[in-house]
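Note sheet for the following structure.
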Amino acid sequence: MSHGTHGIDEAAPRLTRRLRKPGAPSGLHRVTLTLARCPEHPEGSAGRGYDIVAPLRPDGHLDAALWHETRDRCRVRRFWTGEPDRRGKLVHRAGGEGGATWLIDYEDWTNEDDEAGYRLGTHTFVEGEYISIREAGDEEYRTFRVARVGARNAGGRGGVFA
């Protein structure tokens, strides 16, 4: 990493904080996604989805600068009726469409289990909106509804992601 790039990375989180409106909801939030309507589940499924501690800007978009500051707390729990929960991390990687990719990483030592989001950097995590995620080894994306966006307290010590 060049010296010039390092300075930009360090300044970006401070700049982001200065631009936020006082009192605007920003920072780490617990987001619950549930499976949207699909042929297998015509009414959707509240028993299939993800709990994510995500760095959100006031407009509901993922915040890459905040993720860099808090990446160890950006956790994911995949819940699927009839299967054990899976726990991983929300990861931001360079490359992909738009210059960056957001994905769920369950095991650091392999990319084979990563679940990619479809243009997650451009979607808003606001209740009622839709997000698409592709399971590892699957070629099709599944659509999930943003069921809840709440306070981060689940991302702290002893929360559901501990």
Side-chain angles (χ1 to χ4, degrees), residues 1 5 8-9 12-13 16 25-150 152 154-155 159-162:
M1 176 182 296
T5 303
I8 291 170
D9 287 345
T16 302
S26 59
L28 292 178
H29 288 76
R30 181 178 174 190
V31 177
T32 301
L33 307 176
T34 57
L35 187 64
R37 295 185 317 185
C38 62
E40 300 86 24
H41 299 277
E43 301 300 316
S45 176
R48 299 168 193 270
Y50 299 85
D51 278 323
I52 303 170
V53 175
L56 299 180
R57 297 189 315 233
D59 63 2
H61 285 92
L62 289 167
D63 185 334
L66 180 59
W67 177 84
H68 280 284
E69 290 179 28
T70 61
R71 70 180 83 191
D72 291 338
R73 291 184 280 167
C74 296
R75 310 302 272 164
V76 178
R77 179 180 68 93
R78 179 186 183 269
F79 56 92
W80 213 257
T81 302
E83 296 180 16
D85 288 357
R86 295 188 71 195
R87 295 177 192 283
K89 299 182 280 189
L90 181 65
V91 175
H92 182 254
R93 289 194 183 140
E97 291 188 43
T101 301
W102 289 92
L103 53 89
I104 299 167
D105 182 15
Y106 294 104
E107 300 290 342
D108 290 336
W109 52 272
T110 181
N111 290 338
E112 292 180 16
D113 65 342
D114 293 351
E115 295 183 348
Y118 181 74
R119 297 185 182 186
L120 289 186
T122 63
H123 286 39
T124 54
F125 287 77
V126 175
E127 290 179 20
E129 291 292 324
Y130 293 88
I131 305 293
S132 295
I133 297 174
R134 185 180 65 223
E135 287 186 66
D138 197 352
E139 293 190 25
E140 293 185 30
Y141 285 88
R142 291 182 192 234
T143 303
F144 295 85
R145 185 176 166 278
V146 179
R148 184 174 186 282
V149 178
R152 172 200 90 186
V160 295
F161 302 106

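All residue numbers refer to positions in the sequence shown, counting from 1.
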Which atom pairs, donor and acceptor, lie under 3.5 Å between side-chain atoms of residues 125-134 and protein residues at least two apart or in another chain?
from: Glu127; atom 1: OE2; to: Val149; atom 2: N; distance (Å): 3.2
from: Arg134; atom 1: NE; to: Asp138; atom 2: O; distance (Å): 3.4
from: Arg134; atom 1: NH1; to: Tyr141; atom 2: OH; distance (Å): 3.3

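The two residues Thr124 and Asp59 come nearest to each other via the heavy atoms CG2-O, 3.6 Å. Nearest heavy atom pair, residue Trp67 against residue Cys74, reads CD1-SG, 3.6 Å. Among all heavy-atom pairs drawn from Leu62 and Arg57, the shortest one is O-NH1, 3.8 Å. In terms of heavy atoms, Asp72 sits closest to Arg75 at O-CD, 3.4 Å. For Trp102 against Pro55, the heavy-atom pair with the smallest separation is CH2-CG, 4.4 Å.
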**Prompt:** Yes or no on side chain to side chain contact (heavy atoms under 4.5 Å, CB included) for Glu83 and Arg78, after CA distance, side-chain angles and deciding distance?
**Reply:** CA-CA 10 Å; Glu83 296 180 16; Arg78 179 186 183 269; 3.2 Å; yes
**Message:** Walk me through whether Lys89 and Arg71 qualify under side chain to side chain contact (heavy atoms under 4.5 Å, CB included).
**Reply:** CA-CA 8 Å; Lys89 299 182 280 189; Arg71 70 180 83 191; over 6 Å; no
**Request:** Take Val31 and Asp51 through the side chain to side chain contact (heavy atoms under 4.5 Å, CB included) test and state the conclusion after the steps.
**Result:** CA-CA 6 Å; Val31 177; Asp51 278 323; over 6 Å; no
**Request:** Run the numbers on Thr143 and Cys38 for side chain to side chain contact (heavy atoms under 4.5 Å, CB included), then give the verdict.
**Result:** CA-CA 8 Å; Thr143 303; Cys38 62; over 6 Å; no
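Residues satisfying the side chain to side chain contact (heavy atoms under 4.5 Å, CB included) criterion with Asp85, sequence neighbours excluded, are Arg77, Phe79, Arg87.
Expressed to the nearest 0.5 Å, how far CD1 of Ile52 lies from NE2 of His29 amounts to 13.5 Å. Here the CG atom belonging to Leu28 is positioned 9.5 Å from the CG atom belonging to Asp63, to the nearest 0.5 angstrom. In this structure, CD1 on Ile104 lies 8.0 Å from CG on Leu120, to the nearest 0.5 angstrom. We find the CG-CG distance between Leu90 and Leu103 to be 8.0 Å, quoted to the nearest 0.5 Å.
Ring geometry for Tyr118 against His123 counts as perpendicular: the plane angle is over 60°, on a 0 to 90° scale with 30° as the lower cut.
Sorted by first and then second residue, the pairs that involve residues 33-50 and meet side-chain hydrogen bond (donor to acceptor under 3.5 Å, both in side chains), not counting sequence neighbours, are His41-Arg48, Tyr50-Glu115.
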